[in-house]
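Okay, structure first, notes after.
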Protein chains: 2
Amino acid sequence: MDNTQAAATPAQAAGVSIAAVERDTGLGKDTLRVWERRYGFPRPLRDAFGERVYPAEQVEHLRLIKRLMDQGQRPGTLLRPPIAELGERLAANPAKVGADDTADWIVPMLKARDIDPLRAELAQRLARDGLERFVIETVPALNRRIGEGWMAGEIAIFEEHLYTELVQNQLRSSIHTLGGRGTRPQILLTTVKDEEHILGLLMVEALLAANGAFALSLGAQTPIADIVGAARATNTDIVALSFSGAYPWRKSRDALIELRAALPERTELWAGGGGLAGRGRSVAGVRVIGALSEIAPTLAEWHAAHPRRSGH
Amino acid sequence: MDNTQAAATPAQAAGVSIAAVERDTGLGKDTLRVWERRYGFPRPLRDAFGERVYPAEQVEHLRLIKRLMDQGQRPGTLLRPPIAELGERLAANPAKVGADDTADWIVPMLKARDIDPLRAELAQRLARDGLERFVIETVPALNRRIGEGWMAGEIAIFEEHLYTELVQNQLRSSIHTLGGRGTRPQILLTTVKDEEHILGLLMVEALLAANGAFALSLGAQTPIADIVGAARATNTDIVALSFSGAYPWRKSRDALIELRAALPERTELWAGGGGLAGRGRSVAGVRVIGALSEIAPTLAEWHAAHPRRSGH
DNA sequence: GCCATCATATTGTCCTGGACAAAGCGTTAA
DNA sequence: TTAACGCTTTGTCCAGGACAATATGATGGC
């Protein structure tokens, strides 16, 4: 694969520090050291001071592994066999491709030199399909396609960055355009700590806006105490949380229970995202939104249950 | 101060784990442990398993300390004397206030329940002053005011989040509206790894857009190798880097040297941000932008030096 | 055949205490 | 005033042990 990595500078040719690997892969220093001890991988070099130096190749493998783990694979499976197998496992994995041909167009456009056509294409699809369909169908398909492309070595990191940036602009711009004149319900949108997931948040925000509800987004990574504080201060009707698929179910559950207990009774709590999708029973007092397409109906329900009152 | 923190849930009343503190303060686990060993602060409780449990109060102090360190204060100064002094040091610090009365309006608006007026106010100022002045004068003043408010305990975290979110929306929306039809120069905008600074990037992007130059923003934290790859792939004329004030000068310098060496000769390298402002001599082959207001003139210079050619 | 319960294996994160390079600071020499 | 140098401060790394939380697999009851 003639990816970006090719252009390594002499200075860093040998490899990178454990801290850099932590940043680039999302795997903690402790985890990296323990893997090395237990599974024999990664097996970094050592510099003059005995500190670990990870060759680019191993970092690449680690990124791959992290990505697979985020899809539910377990480390033991990925790390015990000779690492060479990784490539094959990848080749075997994208079996789901094929259903997603619709999104294939993104790849060549991303790889083209000019971004304007891409920007235009996104804008056009948004205009043609409408914000709602764009968010529910187009963007998820694109996300999936990009993810697969990344794993297949087809898409460079900066191209993924670029994609995120462009979609983000489209969505923010749409939300902005839709305005939002103090309509009810007042919604507070965020994720709990340990969650990234910016694009997902933005997608939800756009959907809400498309349905006349304007969320106050706190961005990602809000501590629970802050969520509660904000909800109290802004007299929020609904607190909506988004959990990505990678987020451990138990933690989501705990966060929801804790939050439910701390929020005023009249404030509803909605939760959604891949992290909750499959999970059987929900938490008492929490409304689970199984898919993006459920947002609009759920909102309609809320309106039915809360007929418009005069004063605030 | 009747801040957000008040609403602590029973479950977490005792305190939080070291990982949570790392996330919330940005101070590494190692650093937290070493401070405890060396300075006696923080002094977390221990749970049944001997693991550190940080009371909210100490976390609050740590956040304060981090903020002060980001302004250049050194840990020894902050941690050695009885921590109680912190409050006083804070009270003494905002001496710079007063020059910034212009931005005071943001505080009450942020604290008001409704966000719509705030959104409207920002939009109006943007419309009245123009994008350029908004970015060069208004936003920096607001940022400063918010930072001070945060340190003084006047502004809660979620209010700061909210502010960032709203300004971000305004800027992105403006950039989006301005369009950008494949104009030269082709600019690549980003920060190197270890840098956050999203809002700063966006401000630069907006300024460029206001001057008819459309940057391709890679977002923050792009590894150098990726920057080079992206620059090559997109046939970039100018790579623009932003360094925040907290970023150590030496690292900026190294990054710039490395990048300069790796980029094609014809690609210019511009660098700006608080991290470079004071520093005397610049790096060979790097154009240092001392202030936001210099962006427009520098761009004009570029145009003068690169008269429009026909083909692409 | 399907679901609950338990035992077992896996896995991430935390701990201690030592070490050391890099960055900061102040002083002296040019 | 700038440059070079030594001392101090400070962040990050290391090793190896420990253990709770989670996933997996087996067993038994409906």
Side-chain angles (χ1 to χ4, degrees), chain A residues 15-23 25-42 44-54 62 65-66 68-81 193-194 246-254 275 278-281, chain B residues 15-23 25-41 44-54 62 65-66 68-81 194 246-254 275 278-281:
Chain A
V16 298
S17 73
I18 194 172
V21 177
E22 174 178 40
R23 195 180 2 80
T25 64
L27 299 163
K29 298 196 231 306
D30 280 317
T31 305
L32 289 168
R33 286 192 272 255
V34 144
W35 281 7
E36 183 180 340
R37 199 196 313 165
R38 285 189 190 146
Y39 310 111
F41 183 86
L45 312 173
R46 298 296 177 130
D47 67 7
F49 319 115
E51 305 197 342
R52 291 174 175 77
V53 173
Y54 294 83
L62 287 169
I65 289 170
K66 178 62 173 7
L68 290 173
M69 280 176 52
D70 287 347
Q71 294 182 356
Q73 307 247 12
R74 299 198 67 197
T77 333
L78 297 166
L79 291 163
R80 269 197 332 230
K193 50 185 185 178
D194 284 4
Y247 203 61
W249 154 244
R250 170 149 196 164
K251 286 195 181 175
S252 326
R253 198 186 44 127
D254 289 352
R279 302 304 173 161
R281 76 174 53 74
Chain B
V16 297
S17 72
I18 193 173
V21 177
E22 174 178 37
R23 196 175 1 75
T25 63
L27 298 164
K29 298 194 233 298
D30 281 316
T31 306
L32 288 167
R33 285 193 272 255
V34 129
W35 279 6
E36 182 180 341
R37 200 196 310 168
R38 287 191 189 143
Y39 310 111
F41 183 87
L45 312 172
R46 298 293 178 131
D47 68 8
F49 318 116
E51 304 195 344
R52 290 175 175 78
V53 172
Y54 294 83
L62 286 170
I65 289 170
K66 179 61 175 3
L68 291 173
M69 280 177 49
D70 286 348
Q71 295 182 354
Q73 307 246 11
R74 300 199 67 193
T77 334
L78 298 166
L79 290 164
R80 270 197 332 229
D194 286 3
Y247 202 60
W249 153 245
R250 174 158 190 155
K251 286 194 181 178
S252 324
R253 200 187 44 127
D254 289 352
R279 300 306 170 161
R281 76 172 54 71

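Every chain is numbered from 1, with letters handed out A, B, ... down the list of sequences.
The structure places CG of B:Asp30 at 8.5 Å from CD of B:Glu22, a figure rounded to the nearest 0.5 Å.
With C:dT16, D:dT9, C:dC20 as the candidates, the nucleotide lying closest to the side chain of B:Arg46 is C:dT16.
The shortest heavy-atom contact between B:Gly26 and B:Lys66 is O-CE, 4.3 Å. Residue B:Trp35 comes nearest to B:Pro75 through the heavy atom pair CZ2-CB, 4.2 Å, listed as atom of the first residue, atom of the second, then distance.
Rounded to whole angstrom, the span from the CG atom of A:Leu62 across to the C1' atom of C:dG12 amounts to 15 Å. Taking atom CD on A:Gln73 and atom P on C:dT11, their separation rounds to 12 Å, with Å as the unit. Put simply, CD on B:Glu36 is 11 Å from C1' on C:dT16, counting in whole angstrom units. Nucleotide C:dG18 holds its P atom 18 Å from the CD atom of A:Glu51, rounded to whole Å. Atom CG of A:Asp47 is separated from atom P of D:dC13 by 11 Å (rounded to the nearest Å).
At a threshold of 4.0 Å, the pair A:Arg46-A:Glu36 counts as salt-bridged, since one of the basic side-chain nitrogens sits closer than that to a carboxylate oxygen.
With contacts defined as side-chain heavy-atom distances shorter than 4.5 Å, the pair A:Leu68/A:Thr77 does not qualify.
For the pair B:Ile18 and A:Phe49, nearest-nucleotide mapping onto DNA chain C gives the more 5' position to B:Ile18. Residue order along DNA chain D, read from the 5' end via each residue's closest nucleotide, puts A:Arg38 first among A:Arg38 and A:Arg74.
Contact annotation for A:Arg37: base contact, defined as any heavy-atom pair under 4.0 Å involving a base atom.
The phosphate of D:dA15 has OP1 or OP2 within less than 4.0 Å of a side-chain N or O from A:Arg52. Side-chain N/O atoms of B:Tyr39 include none lying less than 4.0 angstrom from OP1 or OP2 on D:dT9.
Summary for the helix from C:dT10-D:dA21 to C:dA30-D:dT1: the axes at its two ends, each from 5 pairs, differ by 40° when rounded to the nearest 10 degrees.
Within residues 28-35 of chain B, the residues having any heavy atom closer than 4.0 Å to DNA chain D are, in order of number, B:Asp30, B:Thr31, B:Val34, B:Trp35.
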Query raised in the report: Does the side-chain contact (heavy atoms from CB on, under 4.5 Å) test come out yes or no for A:Leu27 and A:Ile65, once each step is laid out?
Result: CA-CA 10 Å; A:Leu27 299 163; A:Ile65 289 170; 5.6 Å; no

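Under the side chain to side chain contact (heavy atoms under 4.5 Å, CB included) test applied with B:Val53, the options B:Val21, B:Val16, B:Ile18, B:Asp47 reduce to a single match, B:Asp47.
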